[in-house]
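Have a look at the structure below, then the notes.
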2 protein chains.
Amino acid sequence: MPAKPSGASSRRSRSTGAATASGGPPLSLERIIATAVELLDTQGVDGLSMRRLADRLGAGAMSLYWHVGNKEEVFDLALDAVLAYGPPEAETHGWRASVVHMLEDWRGAMLRHPWSAALLPRRALGPSMLGRLELLSQTLLRAGVADADLNVAIWSVWNYVMGATITRGSFDRSPDDLEAAQRRLTELGERYPSIDRSRLLLDSDWDGAFKKGLDLLLDGLTPKR
Amino acid sequence: MPAKPSGASSRRSRSTGAATASGGPPLSLERIIATAVELLDTQGVDGLSMRRLADRLGAGAMSLYWHVGNKEEVFDLALDAVLAYGPPEAETHGWRASVVHMLEDWRGAMLRHPWSAALLPRRALGPSMLGRLELLSQTLLRAGVADADLNVAIWSVWNYVMGATITRGSFDRSPDDLEAAQRRLTELGERYPSIDRSRLLLDSDWDGAFKKGLDLLLDGLTPKR
DNA sequence: ACCTGAACACCGTTCAAGT
DNA sequence: ACCTGAACACCGTTCAAGT
């Protein structure tokens with residue numbers, strides 16, 4: 001069994017490269033991950049199979065296993081790629097702005113790649129999320145959160161973003177679907193009068209609610225001045 | 001194609017029943033769901049296959065499809081079974097106690113069946129969750145929440161419970177695993193000094209944090225008297 | 001009414017082999 | 001160093017058939 005790079009080193013293949021059977025560009029970790037993300041975005045989690053991924057890359061079905069240990073690693077790498085964070089170019093003023101920026105960017109990334117939110121809790125934390133956690137941690141300390149309260153504060157924020165985004169994503173089906181669901185609720189009639197009446201499934205300002213709740217949460221977690 | 005019950009009617013097979021090939025009790029929706037939950041609890045989401053489920057029931061591989069449309073329906077039914085809610089026998093005093101009771105019961109159910117939290121956002125809302133939402137809705141109204149604020153309040157609570165439980169469940173690996181993860185963090189050294197120092201992955205009082213955060217949230221959502 | 005096996009179109013992964 | 005096909009042990013589901 002030859003030594004495999006197994007995902008760590010992704011040196012680009014130098015020279016012209018014999019390339020793949022169908023004449024496409026040669027395989028590389030970057031290309032594999034980029035195509036995996038593409039496939040996940042368009043076909044969903046169940047749409048990603050090693051065989052389909054290889055096919056899309058113009059490669060033989062088993063070629064991927066040279067670059068990658070197994071399918072789980074593909075998920076980990078795609079997830080980490082999608083969650084990468086480069087802090088804003090412009091100087092943000094104040095700890096609050098930088099926390100909010102990071103969290104909204106995180107949420108945005110998960111909504112742009114709807115498979116990611118559901119996947120994130122099931123995988124180990126990759127560098128992208130560790131980086132975000134580190135930034136969050138440092139910024140909260142800078143904001144005056146006591147050492148003893150730090151972990152609770154971090155997890156509260158984390159939970160808030162995860163809960164809001166997962167829910168929002170799951171109700172982000174087509175308007176027709178939502179209408180149908182709400183109609184089903186109405187048919188069930190007397191069984192669920194209150195949530196039927198409030199049109200719970202339809203009238204929800206997700207973005208506004210997110211911002212508002214986040215403000216409340218940060219107020220609560222942070223020492224009052 | 002004969003008319004199938006397709007999950008709605010679950011009338012029990014009367015008479016002794018020819019039973020299954022291996023002589024076990026006859027199939028029924030109840031038995032199928034109960035065994036599915038068992039399998040999910042012991043083997044996880046990936047451990048549930050239609051073939052394995054049938055096998056465990058002492059039935060031929062394809063017998064399930066008489067009782068159930070497809071695998072997704074098995075998930076829906078197992079999820080709904082696990083999330084059923086019977087309000088407490090004893091009279092609870094006050095809206096707050098009854099909200100807290102329902103939410104902690106919900107959280108408890110998801111933690112007892114670790115596959116359920118991750119699955120819930122991906123499936124349509126079943127009767128069990130609709131019932132809980134209805135109860136929550138009515139109770140919040142009783143607590144004085146204005147009609148216009150109701151949906152935001154409901155989703156805030158929902159998001160809170162989901163976020164907290166999914167995260168908690170995902171970090172509920174063996175202590176050894178957690179130690180290893182935290183050690184890996186330490187090795188990465190200067191990269192994540194703050195979360196390494198706070199032992200973020202290890203020192204987390206999940207249950208305490210949940211209760212505290214829920215109290216804060218309910219205070220914030222409910223009109224101050 | 002309920003259960004069944006054969007068959008189809010897929011999977012992930014190992015392995016020995018090619019260049 | 002990198003890519004490949006054959007093969008293995010699985011999947012979910014359809015269908016025609018059994019009782």
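Letters go in sequence order (proteins before strands), and every chain restarts at 1.
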Rounding to a whole Å, what distance do you find between [X]:[atom1] and [N]:[atom2]?
| X | N | atom1 | atom2 | result |
| --- | --- | --- | --- | --- |
| A:Ile32 | D:dC2 | CD1 | C1' | 11 Å |
| A:Lys71 | D:dC10 | NZ | C1' | 13 Å |
| A:Leu64 | C:dT13 | CG | P | 11 Å |
| A:Leu57 | D:dC2 | CG | P | 16 Å |
| B:Tyr65 | D:dA16 | OH | P | 17 Å |
| B:Asn70 | D:dC15 | CG | P | 14 Å |
| B:Asp55 | D:dC10 | CG | C1' | 13 Å |

Does B:Arg168 have any salt bridge (Lys or Arg N to Asp or Glu O under 4.0 Å) partners at least two apart in sequence or in another chain, and if so, which?
-> B:Asp172, B:Asp207

Set of salt bridge (Lys or Arg N to Asp or Glu O under 4.0 Å) partners for B:Asp203, sequence neighbours left out = B:Arg199

Pull out every residue in residues 39-49 of chain B that has a heavy atom closer than 4.0 Å to any atom of DNA chain D, ordered by number, or say none.
-> B:Leu48, B:Ser49

Residue-phosphate contact under 4.0 Å: B:His67 side-chain N/O, C:dA1 OP1/OP2 = no

D:dC10 phosphate, OP1 or OP2, under 4.0 Å from B:Arg52 side-chain N/O = no

Salt-bridge criterion met for [X] and [Y] (N-O under 4.0 Å):
| X | Y | result |
| --- | --- | --- |
| A:Arg132 | A:Asp105 | yes |
| A:Glu104 | A:Lys211 | yes |
| B:Arg191 | A:Glu134 | no |

Which nucleotide in the set [options] lies at the smallest distance from any side-chain heavy atom of [X]?
| X | options | value |
| --- | --- | --- |
| B:Pro26 | D:dT14, C:dC3, C:dG12 | C:dC3 |
| B:Met50 | D:dG12, C:dG12, D:dT14 | D:dG12 |
| B:Leu27 | C:dG12, C:dC3, D:dT13 | C:dC3 |
| B:Trp66 | D:dA6, C:dC2, C:dT4 | C:dC2 |

Show the numbers, then the answer: is there a ring pair (Phe, Tyr, Trp, His ring centres under 6.0 Å) between A:Trp155 and B:Phe171?
-> CA-CA 11 Å; A:Trp155 287 127; B:Phe171 282 96; 5.0 Å; yes

Between A:Arg51 and A:Ser63, just flag the one whose closest nucleotide in DNA chain D comes earlier from the 5' side.
-> A:Ser63

Side-chain contact test, heavy atoms from C-beta onward, threshold under 4.5 Å: evaluate it for B:Ile154 versus B:Leu140 and give yes or no.
-> yes

With sequence neighbours excluded, tell me which residues meet side-chain contact (heavy atoms from CB on, under 4.5 Å) with B:Thr139.
-> B:Trp95, B:Ser98, B:Val99, B:Leu135, B:Arg142

Residues pairing under salt bridge (charged side-chain N to carboxylate O under 4.0 Å, His left out) where one sits in residues 50-70 of chain A, two or more places apart or in two chains, turn out to be A:Glu38-A:Arg56

Where does DNA chain C pair, written as one dot-bracket string 5' to 3', with Watson-Crick or G-U pairs under 3.5 Å, ( ) inside the strand, [ ] for crossing pairs and | for another strand?
-> ||.|||||...|||||.||

